[in-house]
Amino acid sequence: MDEGRWIELADGVFARRYAELDLTVGLVLGANACLVVDTRGDAVQGAELAAAVRAVTPLPWSVVLTHAHFDHCFGTSAFTPCPVWAHEGCRAELLAHGQDARAEWAARYADEGRPDIARRIATSEIVPPDHLVSREQELTVGGRRVRLAHFGPAHTGHDLVVRVPDAGVLFVGDLVENGPEGTFTAESFGPDAAVGGWPAALAGILAAEPAVVVPGHGDPVTPDFVAAQREPLVVLGGLCAAVAAGEVAVDQAVARSPYPADVTRAALSRT
Ligand SMILES: [Zn+2]
């Protein structure tokens with residue numbers, strides 16, 4: 001069993017790190033309620049997280065999902081019934097494609113020789129969020145202000161960031177990745193990625209002037225890390241636009257890209 005590890009980022013604001021997928025989730029404590037940021041990738045993983053939250057606090061919880069990718073939200077059933085916040089596009093995505101994604105990832109894990117995880121994904125209930133955000137929403141979590149914001153299409157069409165203003169902490173899902181490669185991978189640019197919009201989303205993160213940014217994968221980072229990720233993304237977005245306009249050939253774009261060829265090709269395939 002893959003046990004996680006809590007990191008206290010500020011008073012009553014935690015990140016929880018996992019070896020599995022290098023995933024990072026969050027927890028915000030208010031005076032008489034708490035908020036769980038993302039629920040892990042299947043019902044068993046969700047139950048582990050729920051128990052870990054209960055080891056920290058007995059307070060009633062709400063859930064907020066950063067986006068609809070399975071590793072961030074297929075554990076939600078371990079927390080319901082409770083309010084489940086997300087961008088409205090997250091609900092639409094889970095309703096339209098959640099079952100297909102579940103079958104696809106179960107097959108992928110089975111192919112990779114991990115039948116236990118495959119079975120757990122295949123039998124996890126997909127829970128559509130019931131508290132929806134289109135652009136911005138302020139919540140009160142047990143008296144503590146938390147702001148949810150969507151900065152436009154980027155990693156998906158419905159990325160939601162979770163800001164705890166009194167702590168200077170911003171949970172950003174997969175808008176930022178702090179993986180072993182130190183930056184984005186081909187996997188970052190999935191079918192629902194919008195490369196051209198991504199720099200604006202990172203600008204939105206930086207404009208919030210956070211002290212700590214919590215990525216969906218990897219350890220928490222500083223705003224400087226986010227700014228450094230933004231620069232090559234701007235170049236990549238320009239190359240994608242140029243290829244789409246027929247001004248630059250794919251091979252030229254790959255040669256000029258600040259990213260490895262596989263990452264650039266993945267991004268170009270989404271244009
Ligand atoms: Zn993702």
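We use all heavy atoms of the structure for the numbers below, so side chains are in, but hydrogens, waters and symmetry mates are not. Both ligands and their constituent atoms are indexed starting at 1 by order of listing.
Note that Arg102 lies outside the cation-pi zone of Phe74, set by a 6.0 Å cut-off to the ring centre and a 45° limit from the axis.
Around the CD atom of Glu209, the shell of radius 6.0 Å holds no more than 12 heavy atoms that belong to other residues, nucleotides or ligands. By the 6.0 Å contact criterion, CD on Glu8 is enclosed, its count of non-hydrogen atoms from other residues, nucleotides or ligands being greater than 12.
Counting only protein atoms, the N, O or S atoms lying less than 2.8 Å from the Zn ion (ligand 1) are His67 NE2, His69 ND1, His155 NE2, Asp174 OD2, ordered by chain and residue number.
Taking the six-membered ring where the residue is Trp, His67 and His155 present perpendicular rings, their angle passing 60° and hence far from 30°.
A salt bridge links Arg114 and Glu20; the closest N-O separation between the charged side-chain nitrogens and carboxylate oxygens is under 4.0 Å.
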Less than 3.5 Å apart, which donor and acceptor atoms pair up between the side chains of residues 143-153 and the rest of the protein, not counting sequence neighbours?
from: Arg144; atom 1: NE; to: Asp166; atom 2: OD1; distance (Å): 3.3
from: Arg144; atom 1: NE; to: Asp166; atom 2: OD2; distance (Å): 2.9
from: Arg144; atom 1: NH1; to: Asp11; atom 2: O; distance (Å): 3.0
from: Arg144; atom 1: NH1; to: Gly12; atom 2: O; distance (Å): 3.4
from: Arg144; atom 1: NH1; to: Leu29; atom 2: O; distance (Å): 2.9
from: Arg144; atom 1: NH2; to: Asp11; atom 2: O; distance (Å): 2.9
from: Arg144; atom 1: NH2; to: Asp166; atom 2: OD1; distance (Å): 2.7
from: Arg145; atom 1: NH1; to: Glu138; atom 2: OE1; distance (Å): 3.4
from: Arg147; atom 1: NE; to: Glu138; atom 2: OE1; distance (Å): 3.4
from: Arg147; atom 1: NH2; to: Glu138; atom 2: OE1; distance (Å): 3.1
from: His150; atom 1: ND1; to: Asp159; atom 2: O; distance (Å): 2.8
from: His150; atom 1: NE2; to: Gly152; atom 2: N; distance (Å): 3.4

